[in-house]
Amino acid sequence: RNENKMGQVTSYIYGYSLPTPIPCSSLEVERAHADATQLQHQAQLSNDLQTRGYAILKMPSQSTQVVEDTKTHLHTFFSLPLEEKLKMRLPPRDDPLLRMRPNRGYVSGNIKEFLKIRRFPADEALYPKGFPELETSFRGALDAMRKHTIDAFLRLHEINPSNESFKDTVMKFYEEGSSLSVIRYYKLSDQPNFESAPSEYKDEDNELAQAIDSSTHLALAEHKDTGLLTFILVGSVPGLEVWDPILNRFVCVEKEVSTGHGVLIMGRKFELFANQYKATLHRVVIDKQVERYSALYFMDLPSGPNNM
C-alpha cells in the first residue's frame, strides 16, 4: 500500500484506491479548537461521502477493545441452543409515536441471525435476565459507535451548515430511532432450516449479482439504508461491499482495511440533510464456507408525526 498526493490509500494487490482512513479523534465535537490537520480530516469526510459515497474511519484503541469484548460474549451467545437465544426475542414497544420495529431483540433466519438493540429509553431494561455480560458489553459497543457516528454527523453539519432545523430534529429524536445490530452470517454447513425473507437472497436477474460465483459465495441484495448514517465495523472476514461511483463497481473494503476501522455510509433520510449527499448502495457477499460476524450502528429517526 502507498499513500499518494490525492489522499488515497492505493492497493497494488487489488488494483484500486480507497479513501484514506480518517481518525475518529479528528471528528470529536468536544474539541474547542480544531488544528489544521483536524480541519483537513473534516473536509475529507465531506468530500469522501460526496464523491465516493462512503468514508473510512479509524477508531481509537478504547473503542476497538470494547467491540472486541462484545464479540467474545456474542460468540458465546450465538453458540447457545435456539430456545435459549429466543429469550432475547423482544416484542416491539407498544407506543404509536415511536412505532418500534418488531425485529428488536433476537431474530433468526436461513442466512443469518442477529441481535438488534435500542437504547431508548436509556433507563429501560432491554435485555432478559441471564445475560449480564452481554448487556454490559453491548451497551459499551453501542455507546462507542454512537459517539463516532454523531461526531461525524455534527462535523458534516459544520462544513455544510444548511437545514439547521433538520439538524435540530435529528439531535432531538435520533436516540429513539437508532439501534445497534450484531449479525452472524452462517457458513453453509450451519444454516438452519428457517424461512428467510426473499429480500435476503440475490436477484438472479440482476447483473451485479450474477458477477458473483454462486458455487462459493452468495450475494445478498444490494440496497440503500432508509435511515441517516450507518457505521459498520470492519470485520476479520470480508463481506461488506460498497458501490464506488469513481471506480464504477463494488469494492470490498474489508479486504483492504484492517479491524479497528469502520465504514460510514449514508441512508435515504440523509439526502434530506443536504442534496450533495446521496444514499450509499451496498451489499454483503457471503463466503459459504466461512462464518462471519458484523456490527452496525444505525443512526435513524423514528417514524412519528412529531419529528418527520
Side-chain angles (χ1 to χ4, degrees), residues 66-67 69-71 73-80 82 84-95 98-150 173-186 192 194-197 199-200 220-221 223-233 235 239-240 262-265 267-269 282-284 286 292-304:
V66 167
V67 173
D69 291 343
T70 302
K71 287 181 180 178
H73 295 130
L74 284 167
H75 275 282
T76 302
F77 173 79
F78 282 129
S79 299
L80 292 173
L82 178 61
E84 289 296 313
K85 290 183 284 190
L86 288 176
K87 295 177 181 178
M88 283 284 284
R89 187 167 61 184
L90 305 179
R93 288 179 53 82
D94 185 17
D95 190 322
L98 300 183
R99 299 180 187 174
M100 291 300 187
R101 297 177 180 176
N103 60 355
R104 178 169 164 260
Y106 175 74
V107 179
S108 57
N110 240 6
I111 296 173
K112 64 187 179 184
E113 59 180 347
F114 66 91
L115 286 167
K116 178 184 284 287
I117 298 298
R118 301 181 190 273
R119 202 179 186 277
F120 182 87
D123 58 350
E124 180 181 277
L126 300 179
Y127 309 81
K129 296 179 180 179
F131 301 101
E133 299 87 357
L134 183 61
E135 175 171 358
T136 300
S137 61
F138 229 67
R139 285 189 182 273
L142 188 153
D143 289 343
M145 295 175 70
R146 176 181 60 175
K147 170 179 168 46
H148 301 322
T149 308
I150 292 300
F173 290 104
Y174 81 90
E175 284 198 90
E176 300 177 18
S178 301
S179 61
L180 174 67
S181 287
V182 181
I183 306 168
R184 175 196 179 197
Y185 293 95
Y186 301 112
F194 293 123
E195 182 179 354
S196 296
S199 60
E200 288 190 354
L220 305 190
H223 63 283
K224 298 177 181 180
D225 290 347
T226 60
L228 293 163
L229 296 171
T230 304
F231 185 44
I232 308 168
L233 295 185
L240 171 67
V263 182
L264 187 71
I265 63 175
R268 295 184 185 276
K269 288 178 186 173
H282 60 289
R283 68 181 181 183
V284 173
I286 300 172
R292 179 178 182 271
Y293 285 83
S294 180
L296 312 89
Y297 176 76
F298 293 98
M299 181 182 177
D300 198 359
L301 294 173
S303 298

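Distance CG/Leu264 to OG1/Thr149: 6.5 Å, rounded to 0.5 Å. Separation of atoms CG (Leu86) and OG (Ser108) is listed at 6.0 Å; rounding is to 0.5 Å. Note that the CD1 atom of Ile111 and the CG atom of Leu220 stand 5.0 Å from one another [nearest 0.5 Å]. Between the CG atom of Leu228 and the NZ atom of Lys269 there is a distance of 6.5 Å, given to the nearest 0.5 Å. Rounding to the nearest 0.5 Å places CD1 of Ile232 at 8.5 Å from CE of Met145. Atom NZ in Lys112 sits 14.5 Å away from atom OH in Tyr293 (nearest 0.5 Å).
A heavy-atom distance below 4.5 Å is found between the side chains of His282 and His223. Side-chain atoms of Phe78 and Tyr106, non-hydrogen and from C-beta on, do get closer than 4.5 Å to each other.
With hydrogens and angles disregarded, no donor-acceptor distance shorter than 3.5 Å links the side chain of Lys85 to the backbone of Phe77.
In this structure, the salt bridge (charged side-chain N to carboxylate O under 4.0 Å, His left out) partners of Lys147, at least two apart in sequence or on a different chain, are Glu30, Asp151. The ring pair (Phe, Tyr, Trp, His ring centres under 6.0 Å) check on His148 picks up nothing, with sequence neighbours excluded.
Of all the heavy atoms in Phe114 and Ser181, the pair that sits closest is CD1-OG, 4.4 Å. Looking at every heavy atom in both residues, Tyr297 comes nearest to Ser178 through OH-CB, 3.3 Å.
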For this session: In sequence, state the C-alpha distance, the side-chain angles, and the governing distance for Glu175 and Ile150, and then conclude on side chain to side chain contact (heavy atoms under 4.5 Å, CB included).
Result: CA-CA 11 Å; Glu175 284 198 90; Ile150 292 300; over 6 Å; no
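The side chain to side chain contact (heavy atoms under 4.5 Å, CB included) test with Leu296 is passed by exactly one of Ile183, Leu233, Leu180: Ile183.
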